[in-house]
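Lettering follows sequence order; numbering is per chain, from 1. Every value quoted in this text rests on a predicted model; they were computed, and no experiment measured them.
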Amino acid sequence: MEYNFISIEEKWQKYWHEKKIYKANNKSDLPKYYVLDMFPYPSGSGLHVGHPLGYIASDIISRYKRLKGFNVLHPMGFDSFGLPAEQYAIKTGQHPKITTENNILRFKEQLNRLGLSYDWSREIKTSDSRYYKWTQWIFLKLYNSYFDKEKNKAVKISELNIPEGLTELEKNKFIDDRRLAYIDTIDVNWCEELGTVLANEEVIGGLSERGGFPVVRKPMKQWVMRITDYADRLLTDLDTLDWPESIKTSQRNWIGRSEGCEVSFQLENDKKIEVFTTRPDTIFGATYLVLAPEHPILNSIVTEDQKKEINEYKETALSKSDLERQENQKNKTGVFTGAYAINPMSKNKIPIWVSDYVLYGYGTGAIMAVPAHDERDFEFANKFNLKILKVIKSDEEFYSGSGQIINSGEFNGIDSLKFKDIVTEILEKNGEGKKTINYKLRDWIFTRQRYWGEPIPILHSKAGTKAVDEKDLPLELPEVDSYLPTDDGMSPLARNHEWKTISIEGKEYLRETNTMPQWAGSCWYYLRFLDPNNHVEFASEDSIKYWMPVDLYIGGAEHAVLHLLYSRFWHKVLYDLGYVNTKEPFKKLVNQGMILGNSAYIFRKTNQTGYVSSELENKYSTQKILVDIKYVNEKNELDIDLLKKENPKFKEGFFEFDKVFKVHREVEKMSKSKYNVVNPDEVCEKFGTDTLRMYEMFLGPLEQSKPWNTAGISGVHNFLKKFWKLYFNSDELRIDNSKPTDGSLKTLHKCIKKVSSDIETFSFNTAVSSLMITVNELTSQNCKSKDILEPLLIVLSPFAPHICEEIWEKIGNTESIVFSTFPDYIESHLEENTKIYPVSINGKLRYKIELSTALSKQDIEKAILSDKNFLKKLDGKQPKRVIVIPGKIINFVI
RNA sequence: GCUGAAGUGGUGGAAUUGGUAGACACGUUGGACUUAAAAUCCAAUGGAUAGUAAUAUCCGUGCGGGUUCAAGUCCCGCCUUCAGUACCA
């Protein structure tokens, strides 16, 4: 009997599917464990070997927890609204729904082939109206709530105190201004190429996160989520989470809390300018003010002779894209307004300037410039010859630290850290300032000018906005004749005029035609998995109480601030409104690393049709060009014939090489465009899923990124073959009822101990290693005992479930291995030979006995005295006596 | 610039957190079995020096210092790589 992985894997995947082995029950006396993968966007290219890394890890955990007696919830679904399907629709006219459905089928097929223990009865798709009904419902909860600053939580609009004597319109405005989901005309990140607005989190270095297209600022009417009200809670609750420190740090940075002081500077007339500073201690050094070009006070303070220049500057500054602004960092620009303000502490008259290095969106959009102690102000002051006044003692021309206060009148000599509080107090007393906390975090721009997303369930009329009635949800996506924006720049949904206009009780309304961003559906999907077929609620109270929070969440680090911040925000709102019982959704987070591709390049001679092998590259002037890795073997040799046959553009080329044509390799992100994608299906066919699963775990630490390299895969495959041979001798079962030897008992229990602690600490690579050692040891011990080999199957089964099920059945078990119990190790089976090491205790030399058996004092003394290294360190002096201390430490006296 | 992670054989990576550095695997070399190949099994494998040999000695965890009986691990100062972020006052 050979290890025929193909038929074994098919057989058991079918068995698990038909018997619904992994269906989780919402009612159980067992302790619960909720393991969640970040659900994928079903892209057209299917899975590559990088995707399953996290899925395999979470599958091992969930199988392990099941064997440990937990009721495990391990669901999977699809984040199926998204840009690629829509762009494909624009190109081909095919409805994104169809594209998405096809892609999902492909994904599911590939996922199932990996033997993942998902409860598919709970599958969800964010683009399914039965799902987005509740996304819209939650949107309305946000729309119908406001943030009560005193209670520090969200409260229903119905509990809002509305001032009396307002007209209907004023009343609506009063409410609209306080909703957690509100409309605002703001400068948004407009991406022309994508035809939509992007959230701040989706813009990286002035380019769109998806596609890398330029982004410009543009004022537009948008739905916005008041996430800033939650800044403080999002920040402090991070401390309660078992997340990687790097993710917590990036969230902290993104929220960007800074404590400081808002100071108001009196102008010569009765106007005032408020600035925010974290360094009120340097206020005597504030020698000028700077306003952001967008600052509204600008027009009213600028003097006649400066007006022209200011207007010109404003125009150029506002037309700049984010990218252009950033490029100018080293070369600051600015214009003098002609106006002056009074420094409230020094009473000096200081000039007011305008510059785009001050951001309108942060703080008050104006700063007091302290060139001696702030790098940016220093640069600006040098360029425009503004006064630089040192107020903290230091030898440097520019200094941003703390120290002794100077040049500050009666306050000289005070420590700057203390002076901070003193200044704040004085300003507060005079009504010229107050202590403030500022956040970098901005409100979340929630609308997208796209088709393939959740429609926003809102109606517009002259009186304001109105929610679609809850009982009319879901508000389904209308059909449109084209997926492009309308000619007058409205979202694609506006193309359906019949849908766009609606009349209720004789009143005419226009529907909101923008859709929600892709993050909306993924903000709360972990809750829908608890009770996915519920028609009355997004999930029943009982299911939420039982399953929440998610015990383990595995996914990529690329969602550090986007998805993970938004879903924490929504979860907190749902918590405030009483719909969920935990403050945070995800208790433990693990980031799996990326599996990188090994791209192959060949060198084309410049301006010629010839190609050269990588070792000849230096001889010519060449360009690197990509070739598909399927033409390259493990020794980096190119199959020229096949390449020419399948790619006409290489057909005429002359390939120059020494003995074989070698390609140049580069490790890059795995992607279709780099021709370096490895499909897991290929690996499954060649080696089997169990091999793939174990190999991906063996490759290195889960969190680390690493290149895919098939070189080592035979080692893991051989291990499984060896494992098989432990149970079968050609056609016969080797296994018998003989009493296990001490040696094999030790081997087994060592393995149980190591593997279970490795799984709990996510060290899957070392767990696989110790399984390999175990099988090698048992093979050389010629172990046949069922008492050893049966528990070993259970220990291996989370990693390689198919082969274990097969053997489990063949040795006479009738129920799936899934229902067995993970064995415990027994300490008495683990005894090792005595080893003695020198150790330092309180600075004194002692000896440590590792895992000692019962040794006599004489034995220990003998062991130490025969240790040559030890004697050498004592310069040949002989210890007079060795004292054995209870436990594992021995003392000695010279 | 700032923040975070990392740097160990030819390669991927171990090292119970201060205690035999290089587990396990790949690769390489040699051997067994084969007419042969594949498959499988066995042995060797950080470097240097000495020895016929068993073996012995020295050097070795990015670099330079330090603490310690003992440092890949701790401290100080650098270098390099990757990732995130960027005029946030």
Considering only atom P, compute the distance from B:G46 to B:C24 and round it to an integer number of Å.
12 Å
Starting from C1' on B:C42, measure out to CG on A:Asn718 and report it in whole angstrom.
15 Å
For B:U17, does the O4'-C1'-N9-C4 or O4'-C1'-N1-C2 angle fall within 90° of 0, making it syn, or is it anti?
syn
Expressed as a whole number of Å, how far does the C1' atom of B:G18 sit from that of B:G72?
11 Å
Of the nucleotides B:C26, B:A39, B:A25, which has the atom closest to the A:Lys721 side chain?
B:A39
Please state the C1' separation for the pair B:U29 and B:A83 - nearest whole angstrom.
40 Å
Identify which nucleotide among B:A14, B:A89, B:C24 has an atom closest to any side-chain atom of A:Pro701, counting heavy atoms from C-beta outward.
B:A14
Just to be sure I understand the rule, does A:Phe719 reach a base, reach only the sugar-phosphate, or reach nothing, if contact means heavy atoms closer than 4.0 Å?
nothing
Spacing between A:Leu291 atom CG and B:A89 atom P, to the nearest angstrom
18 Å
Select one nucleotide: of B:G13, B:A89, B:C41, the one nearest the side-chain heavy atoms of A:Lys722.
B:C41
Identify whether any heavy atom of A:Asp377 sits under 4.0 Å from a base atom; if not, whether one sits that close to sugar-phosphate; answer base, sugar-phosphate or nothing.
nothing
Taking only the P atom of each, what is the distance from B:G22 to B:U3 in whole angstrom?
37 Å
Whole-Å distance between B:A5 C1' and A:Met594 CE?
14 Å
Gap in Å between the two P atoms, one belonging to B:A44 and one to B:U52, rounded:
23 Å
Salt bridge (Lys or Arg N to Asp or Glu O under 4.0 Å) between A:Glu777 and A:Lys750, worked out
CA-CA 11 Å; A:Glu777 282 183 17; A:Lys750 217 166 62 185; 3.5 Å; yes
Ignoring the backbone of A:Phe276, work out which of B:C24, B:A15, B:A89 is nearest its side chain.
B:A89
Atom pair distance, as rounded to whole Å: NE2 in A:His559 and P in B:A83
18 Å
Which nucleotide, B:G13, B:A14, B:C24, lies nearest any side-chain atom of A:Lys706?
B:G13
By the Watson-Crick or G-U definition, both distances under 3.5 Å, B:U16 is matched with none
Check every atom of B:C24, B:C87, B:C26 against the side chain of A:Ala711 and return the nucleotide holding the closest atom.
B:C26
To the nearest Å, give me how far apart CD (A:Gln704) and P (B:U81) are.
18 Å
How far does the C1' atom of B:G12 sit from the matching atom of B:G65, given to the nearest Å?
33 Å
A:Phe5 ring center within less than 6.0 Å of A:Tyr3 ring center
yes
Taking CH2 from A:Trp353 and P from B:C87, how many angstroms apart are they, rounded to a whole number?
22 Å
Using Watson-Crick geometry (N1-N3 plus N6-O4 or O6-N4) or G-U wobble (N1-O2, O6-N3), each under 3.5 Å, B:A89 is paired with none
Which nucleotide, B:G4, B:A89, B:C87, lies nearest any side-chain atom of A:Thr249?
B:G4
What orientation do A:Phe728 and A:Trp724 show, parallel under 30°, tilted 30 to 60°, or perpendicular over 60°?
tilted
Looking at B:U3, B:G13, B:C87, which one has an atom nearest to any side-chain atom of A:Asp356?
B:C87
When the aromatic ring centroids of A:Phe384 and A:Tyr288 are compared, is their separation below 6.0 Å?
no
Taking CE from A:Met697 and P from B:C26, how many angstroms apart are they, rounded to a whole number?
19 Å
Looking for any heavy atom pair under 4.0 Å, which part of the strands does A:Ser258 touch: base, sugar-phosphate only, or nothing?
sugar-phosphate
I need the single residue from A:Val290, A:Ile297, A:Leu289, A:Leu298 that forms a side-chain contact (heavy atoms from CB on, under 4.5 Å) with A:Ile352. Which is it?
A:Leu289
Let's test this: given Watson-Crick or G-U wobble pairing with both distances under 3.5 Å, identify the partner of B:A53.
none
Given the C1' atoms of B:A43 and B:A56, what is the spacing between them in whole Å?
23 Å
Counting only Watson-Crick or G-U wobble pairs whose two distances fall under 3.5 Å, which nucleotide matches B:A83?
B:U3
For the side chain of A:Met772, starting at C-beta, report the closest nucleotide among B:A89, B:U3, B:A25.
B:A25
Taking the six-membered ring of A:Tyr357 (Phe, Tyr or Trp), confirm whether the NZ or CZ of A:Lys332 is under 6.0 Å from its centre and within 45° of its axis.
yes
Report which part of the nucleic acid A:Asn438 touches: base, sugar-phosphate, or nothing (heavy-atom distance under 4.0 Å, all strands).
nothing
With the side chain of A:Thr277 defined as its heavy atoms from C-beta on, choose the nearest nucleotide among B:A89, B:G12, B:U40.
B:A89
Starting at atom CG of A:Leu596, determine the distance to atom C1' of B:G12, rounded to an integer number of angstrom.
13 Å
Watson-Crick or G-U counterpart of B:C58, or none if no pair lies under 3.5 Å:
B:G47
Whole-Å C1' distance, B:C82 and B:C76
25 Å
Report yes or no: does A:Asn591 contribute a side-chain atom to a donor-acceptor pair with the main-chain N or O of A:Gly555 at less than 3.5 Å?
yes
